[in-house]
Amino acid sequence: ELKNEYKRIRRILPFANADAAVILGSGWSDAFDLAPASVSLSYSKIRLLAGPTIPGHLERLTFCEYIGRRLIVFMGRRHFYEGRGWEPVAFPVYLAARLGCHSVLLTNAAGSLRTRLQPGTFMLIRDHINLMGGNPLLGIHDTFWGPRFTDQSCVYDDQVTEVVLRAARHASLPLSSGVYAAVSGPCYETPAEAAALRKLGADAVGMSTVPEAILAHAAGLQVIAVSFIANITGLSRKTTSHDDVLSATSAARTRMSAILRLIARETFDGR
Ligand code: HPA
């Protein structure tokens, strides 16, 4: 199905290849300051990406030139919890790989598990723990995604991580780093679950990003991922709602744009 969808939409894509892909999660959709000349395609025209709109996702695929790089920008993603399997989650990465992108930047909103990660701050993902209860590489082996048993010892390149952190410090943009745990959702965490995730070594938790990171790394792409810390999760007597997550992200839009620009500048190679 990934291949068929690609064949179907290839004809309407404005370019045949690109340098990097960006997948923007909850609240990040309008954080990229894109050139007005960008070409956009609504997700409603892409069978695998079409679906009910999640507030905070613009549901558009945009092609643009950005600081001299050709980018494909996915404004909104599909999630495992939507129950349509892995293909809608995998398609953006598949498309990026087919278009020759060498890099993918993933963003999300996440819940904090540490007092050092306060809501309103950003965390560059150093490593992840997949607790989704599934894996996008399950199933019949497709060599498109590399070997059957694919290495995951360095999904997020240490050197790239250090380059981004150093550039953020240099630009006086607060950016911490940590381990992201992916759960299926759609529930937020109980206090006991948050305590368990902390013990496992996670710093933040969310319902996305890890499947795309697994696939992109397996396909040989450089992976950079950043979480916006929207809330502290699993506090007893302090509820979490998607509206709270979105209002936190909209308050941070200017800083989100600055972080995206910084990462693009430091890590997306042009040709
Ligand atoms: N938990 C899981 N996913 C999330 C959270 C959270 O607290 N906030 C945003 N996405």
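One-based numbering, in listed order, for ligands and for the atoms of each.
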**Asked** Is there a side-chain contact between W145 and V93 (heavy atoms, below 4.5 Å)?
**Response** yes
**Request:** Give every residue pair that meets the side chain to side chain donor-acceptor pair (under 3.5 Å) criterion with at least one member in residues 211-232, sequence neighbours excluded.
**Result:** R77-E212, S103-Q222, N108-S227
**Asked** Does any non-hydrogen side-chain atom of F268 lie less than 4.5 Å from one of V22?
**Response** yes
**Asked** Is it true that R198 and D203 make a salt bridge, defined as a side-chain N closer than 4.0 Å to a carboxylate O?
**Response** no
Table please: side-chain donor-acceptor pairs of residues 163-178 below 3.5 Å, with sequence neighbours left out.
from: S176; atom 1: OG; to: F122; atom 2: O; distance (Å): 3.1
from: S177; atom 1: OG; to: R126; atom 2: NE; distance (Å): 2.8
from: S177; atom 1: OG; to: R126; atom 2: NH2; distance (Å): 3.4

Write none if no such pair exists; otherwise list each N/O atom of ligand 1 with its protein N/O partner under 3.5 Å and the distance.
from: ligand 1; atom 1: 1 (N); to: E189; atom 2: OE1; distance (Å): 2.7
from: ligand 1; atom 1: 1 (N); to: E189; atom 2: OE2; distance (Å): 3.4
from: ligand 1; atom 1: 7 (O); to: N231; atom 2: ND2; distance (Å): 2.8
from: ligand 1; atom 1: 7 (O); to: T233; atom 2: OG1; distance (Å): 3.2
from: ligand 1; atom 1: 8 (N); to: G111; atom 2: N; distance (Å): 3.4
from: ligand 1; atom 1: 8 (N); to: N231; atom 2: OD1; distance (Å): 2.8
from: ligand 1; atom 1: 10 (N); to: A109; atom 2: O; distance (Å): 3.2

**With sequence neighbours excluded, residues passing ring-ring contact (aromatic ring centres under 6.0 Å, His included) with Y43** = none
